[in-house]
Amino acid sequence: MNWNDAILIFIIFISTVWYVIQPMMNPPISNPFDDDNIDAHTRQKMILMDQIKELEMDYEIGTLNKDDFIQQRNQLKRDISTLLQKIKSQTS
Amino acid sequence: MIPVAGAVSLNLSLAFGILTLFSIGFYIRNNDFRLFLTGQRLSLASSGLSLIATIILTNELIIGNFDLDYVAHYTSNETPIIYKITALWAGQAGSMLFWLAILSLYAIVVVLQNKREHITLMPWVIIVITIVQLFFLGMTNFVTNPFEPTNADFIVMNGNGLNPLLQNPTMAIHPPMLYLGYVGFTIPFAFAIAALIKKDASSLWVKTIRRWTLVTWLFLGIGIILGGWWAYLELGWGGYWAWDPVENASFMPWLTGTAFVHSIIIQEKKNMLKIWNMILIILTFTLCIFGTFLTRSGIMSSVHSFTASGLGPLFFGFVILILIVSYGLLYVRRDHFQTEKRLESFTSRESGFLFNNVIFVVMCFAVFWGTIFPVISEAVRGTKITVGAPFFNQINIPIGLILLFLTGVGPLLAWRNTSKESLIKNFTLPLIVAFLSAGVLLALNVRGNAMMTLALSSFVFTSIAIEFWRGIRARTRKFDESILSALFQLIRKNRSRYGGYISHLGIVLMFVGFSGHAFDIENEWGLQIGSKETVGNYEVELAALSEVERPNHYAYIADLNVYTTAGEFVTELHPEKRIYFHRDPNPDKRQPHSELDIYSTLVRDIYSIFTGVDPKNKVGYFKIMINPLVQWVWIGSYFLIIGTVIAMWPVRRKKYELE
Amino acid sequence: MNSKNKFIFAVSGIILVFVVWVYWVSTSPGEGAKSMVEFISIEDLEDDYENERVRLGGLIQDGSIQISESNLLDVHFMLDQDDESVKVHYTKTRPDLFKDGAEVIVEGVYNAGIFQADMLQTKCASRYEGDLRDESDYNMDEVEI
């Protein structure tokens, strides 16, 4: 083993250790990101809205009959409004 | 000089991997968020160190440091630089490191992408990924270390060099693609296990892994196709698929993966089939590891096999461990993943998906059975048996045809239930087309499986065309667009759906290509200059035979003229017989290689192999094959790939609100 | 029958049909029999397997390759397996790696002292690790001791 190697290894080692222990220098914190948060709800809302779009597409093309379409769309809309209420209650 | 930094990086990577487990484990117990942040960084550091080790090994391969055993075995001073790099995955130790490097790359992407998202799942996701990394770190550190010094009592001035067969541009892409596919399934697997542990049956994480799965499934598919392409262009037996155990090893996870990318749509849209999806993703990941095991253990005698080594039992143990732990966990958590909704009717799209899934798994099992049968037979009855391509073809052709049929049926079915009227309305045209083409084919004397395949292909093609046409009509009515822009907008606005259909179209075209196999013709003979022989409807004439010395080989080049039996000139072909290492004084080290030449059209390929030469008497020996429709396999692959890319392309979101 | 049972019934039906199908292909004579061939040793060949389609594996005996003067595709060679050996006749295109000492697998029928092979595969020597190491360690002529 020569000096180049030794220095290279030393640098790699020190820099990774330094990088890794940084968070431990701060005082303890609890989880700042909750899954029951606006982000998650908004994403869930997006998924449901995509599903409504798909549903409309299916209906237009003719792979979905009218009754099913209306019933499923109403269900999705209900789910979305529940989510919107949750988002609202958290922002206010 | 041995690059100590590489070996040390691997050691450190292992240590940091273990620390990751501790750090995140303590976070899960104490809920001190700092520990989770540290865990993330430890995971990144461990992955980064693995990557550094890989870069160092690549560098040693490029500079040709023959003090390393691995470098001395797989490269030489004469090896072109690109194949010095590909030597990274040419041998066992290197390919293990390469596996690890790709997993590390994926791990870094996942950790960085999800610093704020899926925060309840991520600790477990990181733990699962790290455990898989640790397995491969253990391998590369203790079992097949690529930084092992040369074991020779002399100074090695030049290495062995890479096998000429592997010195092909395809080999620079085929293994990495396959690995990207194999390794990538670790991520959806990790999410699935995390969701099982956290009892998270929501569809949020499903959305995340759907794209991951599509990407990794696409890589696996490209890898498999490139392997077939390489075999066809380079190996000179005229085919692209031989049901070789290692081919099967990559095909099995592709089959279950395909089932998974379909059934996860149901979970995302309908919140159904959740347990089934868990079974599929665990199975797929296990098959990926099992595939690596088949390739590395020497349990199968295969053209691809690495020879027997200590890796076998370790891999086998790992596979069993994954199966027991994952399925045990699924069993314990089964109540949380039950679905409230039930399948209602056979003629619904949901059950179309379900049956497609069952058939895919059945096919995977058939391949598994044929692959593993020789091993079982030897263990149970003591007789060695080989299972050849006819077995696999006979078993899988009917299953494949059913799958092809379902590809056409799926889009014609409505969600939940399809009424009798719409069944009749939707199926009439495709069925008429299918029967008409069957009739035409029979009239042309095309029978058996080829007739079935082509008739079913026309059925599926029509059903896809109808889907497109209906979508276009809906748009032109609604938005007053031209047909072309309607088609474009249709695909753009419904990427996953129409991307999927384009992929299906690709599969149909591939099946058309497969059907051509039934009409393959071949012949082989010796030809003197000026003499002619017939194969099928063609005549082949040897016009000239020349010799040339090139930098790394000596080549005999044949000039073949191909005519139809009516005497019309078709093409010239120039297959070569090459001798690599031709200057080596030891004749055993000279390696002959047949460089083939193919005249390819949409209807058929004329495939020529220069099998032997008698320079004294000026006689060349040739094998000529007429392979109909092969090009459609490659054309179909393009559609498959383009369709998948469209389906997974991220949608740029506009902010929209519900009215 | 409720809908759940209906589906369980259908799926088990598919699986049952499939199992029967696999069993049939695995055991039926005709095409299926040809696809599953026994891998035997040369020792067993002479006693029990005359006129039966089998597979053999072994090494090509050094200097035993005889290529016909009139037809380059026509070859005889001796296949060695430990102490036993058998004469093999093969008339198709030979793989590039076919040479003295190569490890090959042949498939065909044994009759009257000659094994008529119609399939011959060479083990991809030097493709991967072990083979290389066994064959010849390094390019000795370029090595300075």
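Chain letters run A, B, ... following the sequence lines, proteins first and then strands; every chain starts at 1.
- Applying the ring pair (Phe, Tyr, Trp, His ring centres under 6.0 Å) rule to B/Phe360 yields no partners; only residues at least two apart in sequence or on another chain are considered.
- Summarising the geometry of C/Trp21 relative to B/Gln394, their closest heavy-atom pair is CZ2-O, 3.1 Å, with the distance given to 0.1 Å.
- For CH2 of B/Trp369, the number of neighbouring non-hydrogen atoms (other residues, nucleotides, ligands) closer than 6.0 Å is 12 at most.
- Only the side chain of C/Ile14 comes within contact range of chain B, with at least one heavy atom under 4.5 Å from a heavy atom of that chain.
- Atom-to-atom distance recorded for C/Thr93:OG1 and B/Phe610:CZ is 12.0 Å, nearest 0.5 angstrom.
- For the atom pair CZ of C/Arg94 and OG of B/Ser594, the computed distance is 10.5 Å after rounding to the nearest 0.5 Å.
- Only the side chain of B/Ile359 comes within contact range of chain C, judged by heavy atoms closer than 4.5 Å.
- Listed by sequence position, the residues of residues 112-120 of chain C in contact with chain B number zero, using a 4.5 angstrom heavy-atom cutoff.
- Note on B/Leu354, B/Val361, B/Val362, B/Val358: by heavy-atom pairs under 4.5 Å with chain C, the leading option is B/Val362.
- Ring geometry, C/Phe7 versus B/Phe346: the interplanar angle falls from 30° to 60°, so the pair is classed tilted.
- A 6.0 Å sphere centred on CG of C/Asn51 holds more than 12 heavy atoms belonging to other residues, nucleotides or ligands.
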